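Just so we're clear, the structure is a prediction, and the values are computed from it rather than from any experiment. Nothing fancy with the numbering, it's 1 onward along the sequence.
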Amino acid sequence: MAKIAVIGSSSIDLVVSADKRPQAGETVLGNSFETVPGGKGANQAVAAARLGADVTMIGRVGDDNFGEIILENLKANGVNTKYMEPVTHTRSGTAHITLAEGDNSIVVVKGANDHTTPEYVKKAEAAIREADIVLVQLEIPMETVEFAAELCDKLGVPLLLNPAPARPISRELIERASFITPNEHEFKLLFDGEDRSEVLKRYPNKLIITEGKEGARFFDGEKEWLVPGISVPVVDTTGAGDTFNAAFAVQIANGKSVYEALEFANHTAALSVTKFGAQGGMPTAEEVKRSREG
């Protein structure tokens with residue numbers, strides 16, 4: 001069984017759906033409102049656990065009702081929450097999501113996630129040391145992401161860096177990561193003005209550019225590949241990227257090649273968008289197997 005540690009954010013997603021996205025100063029009528037667990041770290045932890053991995057989540061929640069819901073949901077999905085301590089007098093993170101026109105727009109309020117400090121992550125060193133791969137994203141302090149990369153480097157544990165939400169990161173952090181998975185927007189921010197193919201060649205079997213329904217692109221040392229995506233009816237794209245990253249990590253931890261892991265990740269992420277909620281559509285390993293065989 002793959003052992004995965006996820007260092008990252010958890011939140012409650014406040015999700016509204018509408019036929020169109022409002023412009024600045026505009027009010028539109030919505031169709032529905034839901035409150036569901038989310039956060040990029042928690043999403044990746046749940047997705048990996050549903051795919052059969054032994055997952056430990058490392059992060060913080062607030063001492064509020066949202067924090068209780070987040071922890072209960074992680075436990076219900078089989079995620080180890082030993083390193084998910086509540087922060088006193090602090091609210092849990094929230095994500096405010098608008099679903100419209102076949103896509104999503106998201107505003108994240110980090111809340112207790114800002115208390116996922118290097119010192120706190122250091123407490124979880126035993127879990128990190130035992131992991132086959134560690135996943136980290138950018139909804140926690142950057143100094144914590146950099147510390148996690150240093151620690152994984154020191155321990156010889158592979159690190160998958162999902163550079164989302166998009167913000168600049170150091171070249172040192174990129175070099176320390178075993179895998180980095182920007183989408184097209186994030187890639188342009190990280191490698192402003194650089195030729196895509198040249199950058200891929202610089203990071204063979206490491207840099208994976210996700211291109212939504214088109215698939216995922218990487219360079220294997222000899223050839224640039226676009227591993228094709230899967231066409232499905234889209235209900236909610238929230239969490240698709242998190243599902244992709246978790247599925248890729250699980251496959252890498254199980255000894256699959258980058259190409260094989262990307263095929264699996266594309267299929268798993270496609271299944272996730274056919275249902276509502278960041279975690280609502282995340283499939284189990286058996287569901288992915290049936291879909292791929294069907």
**Study point:** Step-by-step side chain to side chain contact (heavy atoms under 4.5 Å, CB included) determination, L173 to L161
**Key:** CA-CA 9 Å; L173 179 55; L161 171 63; 3.9 Å; yes
Could you pull out every donor-acceptor pair under 3.5 Å between side chains of residues 32-39 and any protein atom, sequence neighbours left out?
{"residue": "S32", "atom": "OG", "partner": "S17", "partner atom": "OG", "Å": "2.6"}

Practice item. Kindly give the heavy-atom pair with the smallest separation between V55 and A48, and that separation in Å. Key: CG2-CB, 3.7 Å
**Study point:** Residues which pass side chain to side chain donor-acceptor pair (under 3.5 Å) with R217, listed by chain and number, not counting sequence neighbours
**Key:** E211, E224
Review point. Is a side-chain N or O of N113 found less than 3.5 angstrom from the main chain of I140, in a donor-acceptor match?
Key: no
Enumerate donor-acceptor pairs with a distance under 3.5 Å from any side-chain N or O in residues 252-259 to protein atoms, sequence neighbours excluded.
{"residue": "N254", "atom": "ND2", "partner": "V250", "partner atom": "O", "Å": "3.2"}
{"residue": "S257", "atom": "OG", "partner": "E260", "partner atom": "N", "Å": "3.1"}
{"residue": "S257", "atom": "OG", "partner": "E260", "partner atom": "OE1", "Å": "3.2"}

Practice item. Determine, using the 4.5 Å side-chain heavy-atom cutoff (strictly less than), whether V136 and M142 are members of one ILVMFWY cluster. Key: yes
Exercise for review: Take E146 and S170 through the test side chain to side chain contact (heavy atoms under 4.5 Å, CB included) and record every step on the way to the result.
Suggested key: CA-CA 9 Å; E146 292 172 347; S170 68; 4.2 Å; yes
Exercise for review: Run the numbers on R196 and E184 for salt bridge (Lys or Arg N to Asp or Glu O under 4.0 Å), then give the verdict.
Suggested key: CA-CA 10 Å; R196 181 183 64 190; E184 294 168 284; 5.2 Å; no
**Study point:** With sequence neighbours excluded, residues passing side chain to side chain donor-acceptor pair (under 3.5 Å) with E172
**Key:** R176
Point to revise | Residue pairs fulfilling side-chain hydrogen bond (donor to acceptor under 3.5 Å, both in side chains) with at least one residue in residues 40-61, sequence neighbours excluded | key: K40-D242, N43-D242, N43-Q279, Q44-Q137, Q44-N162, Q44-D242, R50-N77
Check your understanding: Do you reckon I12 sits in the same ILVMFWY cluster as L74, going by side-chain contacts under 4.5 Å, direct or chained?
Key -> yes
Practice item. Return each pair, listed once, that meets salt bridge (charged side-chain N to carboxylate O under 4.0 Å, His left out) where at least one residue sits in residues 1-11; pairs must be two or more places apart or across chains. Key: K3-E130
Practice item. Using atom types as modelled and distance alone, determine if a side-chain donor or acceptor of T144 lies under 3.5 Å from a backbone N or O of T116. Key: yes
Revision key, fill the gap. Heavy-atom nearest pair, P158 first then S178, reads CA-OG, 3.3 Å
Check your understanding: Just checking, any donor-acceptor pair under 3.5 angstrom between side chains of T181 and N245?
Key -> yes
Check your understanding: Counting distance only, does the side-chain N/O of D103 pair as donor-acceptor with the main-chain N or O of T237 below 3.5 Å?
Key -> no
**Study point:** Output field: ring centroids F248/F179 closer than 6.0 Å
**Key:** yes
Practice item. Could you walk me through whether L151 and I128 pass the side chain to side chain contact (heavy atoms under 4.5 Å, CB included) test, one step at a time? Key: CA-CA 9 Å; L151 182 59; I128 295 168; 3.7 Å; yes
Practice item. Establish, from distance only, whether the side-chain atoms of N104 and D236 form a donor-acceptor pair under 3.5 Å. Key: no
Point to revise | Cluster check V46, I106: I/L/V/M/F/W/Y, side chain < 4.5 angstrom | key: no
Check your understanding: With no hydrogens and no angle check, is any side-chain donor or acceptor of E26 less than 3.5 Å from a backbone partner on Q23?
Key -> yes
Review point. Salt bridge or not for E101 and R21, using N-O below 4.0 Å?
Key: yes
Practice item. Could you list the residues that satisfy side chain to side chain donor-acceptor pair (under 3.5 Å) with Y120, not counting sequence neighbours? Key: none
Point to revise | Contacts of type side chain to side chain donor-acceptor pair (under 3.5 Å), residue T94, not counting sequence neighbours | key: H96
Exercise for review: Give the cluster check for L207 versus I174: same hydrophobic cluster or not, with ILVMFWY residues linked at side-chain heavy-atom distances below 4.5 Å.
Suggested key: yes
**Study point:** No-hydrogen, no-angle side-chain donor-acceptor test under 3.5 Å, D13 and S11
**Key:** yes
Review point. Taking the side chain from S272 and the backbone from A269, do they hold a donor-acceptor pair closer than 3.5 Å?
Key: yes
Check your understanding: Once you round to the nearest 0.5 Å, how far does CZ of F244 lie from CG of N183?
Key -> 10.5 Å
Practice item. Answer yes or no: is there a donor N or O on one side and an acceptor on the other, between the side chain of T98 and the main chain of V16, under 3.5 Å? Key: no
Review point. Linking I/L/V/M/F/W/Y whenever any side-chain heavy atoms sit under 4.5 Å apart, do F218 and I180 land together?
Key: no
Check your understanding: Are more than 12 heavy atoms from other residues, nucleotides or ligands located less than 6.0 Å from atom CG of D195?
Key -> yes
For a quick test of your reading: what N or O donor-acceptor pairs under 3.5 Å do the side chains of residues 64-71 make, sequence neighbours left out?
{"residue": "D64", "atom": "OD1", "partner": "G67", "partner atom": "N", "Å": "2.8"}
{"residue": "D64", "atom": "OD1", "partner": "S92", "partner atom": "OG", "Å": "2.7"}
{"residue": "D64", "atom": "OD2", "partner": "S92", "partner atom": "N", "Å": "2.9"}

Practice item. With sequence neighbours left out, write down each residue that passes salt bridge (charged side-chain N to carboxylate O under 4.0 Å, His left out) with R167, or none if nothing qualifies. Key: none
Practice item. Begin with the C-alpha distance, continue with both residues' side-chain angles, and end with the deciding distance and a verdict on side chain to side chain contact (heavy atoms under 4.5 Å, CB included) for M84 and S10. Key: CA-CA 9 Å; M84 286 293 294; S10 59; 3.6 Å; yes
Review point. Which heavy atom in A18 sits nearest to a heavy atom in V28, and how many Å separate them?
Key: CB-CG2, 4.4 Å
Point to revise | Closest non-hydrogen atom pair, A5 against I58 | key: CB-CD1, 4.3 Å
Check your understanding: Taking only residues two or more places apart in sequence, or in another chain, which ones meet K122 in a side-chain contact (heavy atoms from CB on, under 4.5 Å)?
Key -> E125, F147, K154
Practice item. Could you check if a side-chain atom of F264 sits within less than 4.5 angstrom of a side-chain atom of R292, using non-hydrogen atoms only? Key: yes
Review point. Linking Ile, Leu, Val, Met, Phe, Trp and Tyr by side-chain heavy atoms under 4.5 Å, what else ends up with V273?
Key: I230, V232, V234
